[in-house]
Amino acid sequence: MENAVHRIGVFTSGGDAPGMNAAVRGVVRTCVDRGIECVGIRRGYHGLINGDIFPMNFDSVNGLLRRGGTVLYSARSEDFKAKLGQEKAMGTCKLLGLEALVGIGGDGTFRGLLAMSKQGIPVMGIPGTIDNDIACTSYTIGFDTACQTAIDSIDKLSDTMQSHERCSVVEVMGRNAGHLAMYVGVACGATCVLVPEHKVNFAKDVVEPIRRARIGGRTHFMVIVAEGVGSAYDVATKIKEATSLDTRVTVLGHVQRGGAPTARDRVTATNMGYEAVTLLAEGKKNRVIGLQGEEYVNYDIEEALSMKKGLNEQTYEVMRALSGMG
Ligand code: F6P
């Protein structure tokens with residue numbers, strides 16, 4: 001069947017995530033396979049406005065599966081928020097003869113894609129963010145690697161906390177969502193995990209689990225705080241006041257955004273890149289790719305942006321029950 005598009009552009013935007021490069025590779029290699037030209041756009045919407053582009057082919061994505069970061073660079077463009085910026089971006093698409101855009105990123109990236117679709121160019125969104133906070137998909141590229149990176153650091157912290165009988169308070173990224181903190185908390189057997197989706201009762205959710213663990217014989221403790229809850233330093237001060245424990249704070253920060261992607265992120269990104277180009281070739285437009293169970297799905301971009309995602313409450317209950325939060 002004849003392809004519905006002949007030349008497309010691909011870019012990454014917003015906070016980077018491990019596996020974005022694998023998604024770019026998936027897009028480019030699927031284009032090559034289908035005989036579609038692919039143009040790489042550097043620095044997200046900023047590059048689209050300024051024509052920061054280069055041709056991509058089979059070999060330009062060699063070795064990208066295992067590379068962290070994004071070779072296309074990423075940016076949060078202020079200019080693109082204004083209508084004039086969006087018109088300039090459309091001007092670049094017209095100049096290059098692009099018939100569609102594939103954007104890899106989070107909610108902000110998808111809002112930008114929606115604006116571009118209103119300028120008249122078909123778009124496809126691929127969810128890439130360590131926050132896993134995109135509602136139309138159960139999984140976003142980068143989440144698994146970020147969890148693993150956090151766990152590796154926390155395991156090391158646990159060793160020194162054990163030696164010194166301290167309480168570690170670790171701040172985990174996730175913006176306004178607690179998915180990352182909760183998964184990390186379950187995986188490292190935290191004493192307690194604080195997430196923005198659930199109001200924190202300090203005495204019940206923090207002090208009591210520490211006391212229970214101490215009575216049970218434990219002398220070091222691991223408290224995980226999602227950044228959306230507030231500062232880990234404030235939590236640590238309150239723990240010290242309430243328990244007189246020696247506390248230490250670690251803000252994991254941007255280390256969670258780096259590193260070689262895990263197998264899960266490589267494979268998910270590859271499949272999503274393939275799906276995005278296949279849908280465009282079939283004449284579909286303005287969709288966001290998602291994963292539900294084992295199945296790759298796609299949603300209208302406006303519908304995707306209107307959906308809400310809560311925490312996985314079952315996992316949250318398991319975390320509470322097993323950590324001693326009750
Ligand atoms: O959305 C990904 C994320 O890493 C969030 O978890 C975090 O709040 C934010 O980006 C940090 O943004 P920046 O890289 O601009 O500091």
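As the structure lists them, so they are numbered: ligands from 1, and atoms in each ligand from 1.
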Legend entry - Where ligand 1 meets Arg76 - atom numbers and elements under 4.0 angstrom, heavy-atom basis: 10 (O), 12 (O), 13 (P), 14 (O), 15 (O)
Inset, instruction - Measure the shortest side-chain to side-chain distance between Met56 and Val10 over non-hydrogen atoms and say whether it is less than 4.5 angstrom. - result: yes
Legend entry - Proximal ligand 1 atoms for Glu227, defined as those under 4.0 Å from one of its heavy atoms: 5 (C), 6 (O), 7 (C), 8 (O)
Legend entry - Closest protein heavy atom (residue, atom, distance) for atom 9 (C) of ligand 1: Arg175 NH2, 3.5 Å
Legend entry - Pair Arg320 + Glu317, salt bridge at N-O below 4.0 Å: no
Inset, instruction - With sequence neighbours left out, write down each residue that passes side-chain contact (heavy atoms from CB on, under 4.5 Å) with Ala17, or none if nothing qualifies. - result: Met20, Ile130
Legend entry - Backbone N/O of Gly105 and side chain of Thr129: donor-acceptor pair under 3.5 Å: no
Legend entry - ligand 1 atoms in contact with His254 (distance to a heavy atom under 4.0 Å): 13 (P), 14 (O), 16 (O)
Inset, instruction - Not counting sequence neighbours, which residues clear salt bridge (charged side-chain N to carboxylate O under 4.0 Å, His left out) with Glu208? List them please. - result: none
Inset, instruction - Please check if the side chain of Asp265 supplies one atom and the backbone of Gly19 the other of a donor-acceptor pair under 3.5 Å. - result: no
Inset, instruction - Would you mind checking which non-hydrogen protein atom is closest to atom 6 (O) of ligand 1, with the distance to 0.1 Å? - result: Asp131 OD1, 2.7 Å
Legend entry - Shortest protein contact, atom 11 (C) of ligand 1 (heavy atom only): Arg257 NH1, 3.6 Å
Legend entry - Non-hydrogen atom of Gly174 closer than 4.0 Å to ligand 1: yes
